[in-house]
Protein chains: 2
Amino acid sequence: MVDENIEKVSIPSLRRLPLYYHYMKILKKRKVDYVSSTKIAEKMNLTPIQVRKDLSITGVKGRARVGFNIKDALEKIEEFMGWKDKKDGILVGCGDLGSALLGYNNFKNYGFEIVAGFDVDEKITGTEIHGKRIFPIDRMENLCKRLHIKVGIICVPSKSAQKVAERMIDSGIEAIWNFAPAALEIPNDIALHQEDMAASLTILFKKHRKNR
Amino acid sequence: MVDENIEKVSIPSLRRLPLYYHYMKILKKRKVDYVSSTKIAEKMNLTPIQVRKDLSITGVKGRARVGFNIKDALEKIEEFMGWKDKKDGILVGCGDLGSALLGYNNFKNYGFEIVAGFDVDEKITGTEIHGKRIFPIDRMENLCKRLHIKVGIICVPSKSAQKVAERMIDSGIEAIWNFAPAALEIPNDIALHQEDMAASLTILFKKHRKNR
DNA sequence: GAATTATCGATAAAAAATTATCGATATAAA
DNA sequence: TTTATATCGATAATTTTTTATCGATAATTC
């Protein structure tokens with residue numbers, strides 16, 4: 001059931017589900033057992049209907065007059081979001097942002113782990129950052145293929161991003177998470193998610209303007 | 001015209017516009033003068049119609065059989081996205097991610113600048129990170145009010161995020177960019193943009209699954 | 001110079017996402 | 001025990017977003 005639905009869920013829903021999850025995590029810590037869609041919706045300025053609809057896709061069932069069992073809901077969200085499947089990834093470009101991501105502790109909560117970093121800078125290759133070993137880029141293909149790594153994070157400057165992406169694809173990477181402000185040209189069968197600070201900032205400012 | 005439309009543009013459009021922008025920036029560097037929606041769409045696996053529609057909201061006009069003048073389009077996108085208006089912000093939580101953002105050079109391309117960082121850790125308050133001064137949190141209200149700062153970035157651990165958000169609001173902050181994996185409860189008139197690694201990762205993996 | 005073609009932009013159609021309605025149900029109050 | 005109420009979940013309506021259609025236009029080819 002989940003396996004059928006995961007293909008049909010909308011991106012906005014995928015962005016909202018983690019919010020419900022974060023909130024329910026807090027409630028669980030406070031020993032709360034149930035929460036209603038009304039309550040959740042209030043907290044995040046959404047409609048209860050939307051919250052119910054989003055939650056329903058995970059397969060969790062609510063109880064009339066009571067709401068959703070928090071333990072169940074957390075479980076179902078984790079399952080649906082695929083956070084229980086372990087996935088390894090590599091990161092290229094160990095500058096400030098790359099290093100920060102290498103040390104980002106929350107990835108493990110979502111089933112993800114960065115197993116190694118790559119960089120061109122010989123001053124850092126051979127060292128460790130946040131406990132992750134950093135290799136020169138020409139080691140990428142071998143390492144990825146050997147460990148069957150399918151996820152790559154790009155944190156290099158824009159002008160090198162395309163080249164790195166191509167190299168990742170040659171290394172067997174099938175999903176690219178791009179933090180460089182660059183429009184990558186990649187084959188249709190490679191998954192790409194663009195993390196765009198420009199877009200984020202603009203969305204924030206747009207909301208701000210609307211509020212005034 | 002832009003002022004009317006900015007209220008009506010969809011979030012997905014706002015996420016796509018920077019991609020067109022990045023791509024056209026590259027073309028401009030290569031001395032290309034015109035590009036068609038067909039070409040752009042091809043590069044990023046979209047439809048030409050969607051590209052035209054997105055671009056049209058910025059006010060840029062294309063030429064039949066030729067496409068869009070790149071210089072004009074870049075200009076119009078910058079204007080429409082509000083990247084020409086200068087905005088200052090502060091950042092709370094100068095750990096790995098916070099520090100990386102303090103040193104993120106691209107913000108200035110989008111009219112944004114972080115003018116100061118705040119932290120509880122006395123080992124770093126009083127110092128500078130990437131040239132930005134770091135203050136203890138109790139200085140926030142005074143500084144924000146004095147400099148009329150309206151934008152705040154949260155990079156603290158989840159459990160402190162709500163408290164920091166409230167403190168920001170008390171300090172006059174009107175737009176919050178939250179990097180902590182926490183669902184903030186804030187008044188309706190405060191703009192909030194959640195940067196959620198959990199959501200991003202999941203969207204990436206979902207795309208990946210679909211491709212296989 | 002006429003025919004062909006690529007592209008735009010306006011409008012229409014289709015698809016997707018959000019919101020509303022309402023009967024069913026479970027708890028609490030009378 | 002009965003009544004009132006909060007909530008769910010299914011379905012319907014609405015709104016928003018995406019995609020298709022098509023005439024107009026500008027460059028290219030014949």
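The analysis underlying the following values was restricted to heavy atoms, covering all of them including side chains, and did not include hydrogens, waters or symmetry mates. Proteins get letters first, then strands, A, B, ... in listed order; numbering begins at 1 in each.
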Of the listed nucleotides ([options]), which one gets closest to any side-chain atom of [X]?
X     : options                : answer
B:K53 : C:dA12, C:dT7, D:dA12  : C:dA12
B:V66 : C:dC8, D:dA26, D:dT19  : D:dA26
B:R65 : D:dT28, C:dT19, D:dT18 : D:dT28
A:P12 : C:dT18, C:dT5, C:dT7   : C:dT18
B:A64 : C:dA26, D:dC8, C:dC8   : C:dC8
A:S36 : D:dC8, C:dA10, C:dT19  : D:dC8

In whole angstrom, give the distance that lies between atom [atom1] of [X] and atom [atom2] of [N].
X     : N      : atom1 : atom2 : answer
A:K39 : D:dC8  : NZ    : C1'   : 17 Å
B:K76 : C:dG9  : NZ    : P     : 12 Å
B:N45 : D:dT19 : CG    : P     : 12 Å
B:D33 : C:dT7  : CG    : C1'   : 17 Å
A:I49 : D:dT7  : CD1   : P     : 13 Å
A:Q50 : C:dT18 : CD    : C1'   : 6 Å
A:L46 : C:dT18 : CG    : P     : 10 Å
A:I70 : D:dT7  : CD1   : P     : 13 Å

Q) Parallel under 30°, tilted from 30 to 60°, perpendicular over 60°: which one fits the rings of A:F112 and A:W177? A)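 A:F112 vs A:W177 ring planes: perpendicular.
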Q: Would you please classify the geometry between the A:Y21 ring and the A:W83 ring as parallel, tilted or perpendicular, with 30° and 60° separating the classes?
A: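 Because their plane-to-plane angle is over 60°, the rings of A:W83 and A:Y21 count as perpendicular.
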Is any side-chain nitrogen or oxygen of [X] closer than 4.0 Å to OP1 or OP2 of [N]?
X     : N      : value
A:S37 : D:dT7  : no
B:R16 : D:dT18 : yes
A:S56 : D:dC8  : no
B:S10 : D:dT16 : no

Q. Any donor and acceptor pair, going by atom type alone, linking the side chain of A:S158 with main-chain N or O of A:A182 inside 3.5 Å?
A.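 Judged by distance alone, no pair lies under 3.5 Å.
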Q) Does NZ belonging to B:K71 count more than 12 external heavy atoms closer than 6.0 Å? A)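 Atom NZ in B:K71 is not crowded, with 12 or fewer foreign heavy atoms closer than 6.0 Å.
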**Q.** Whichever of B:R52 and A:G62 has its nearest DNA chain D nucleotide further upstream toward 5'
**A.**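 Checking each residue's closest nucleotide, the 5'-ward one belongs to A:G62.
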Q.
Check for me whether the distance between the ring centres of A:Y23 and A:Y20 falls short of 6.0 Å.
A.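 No, the ring centres sit 6.0 Å or more apart.
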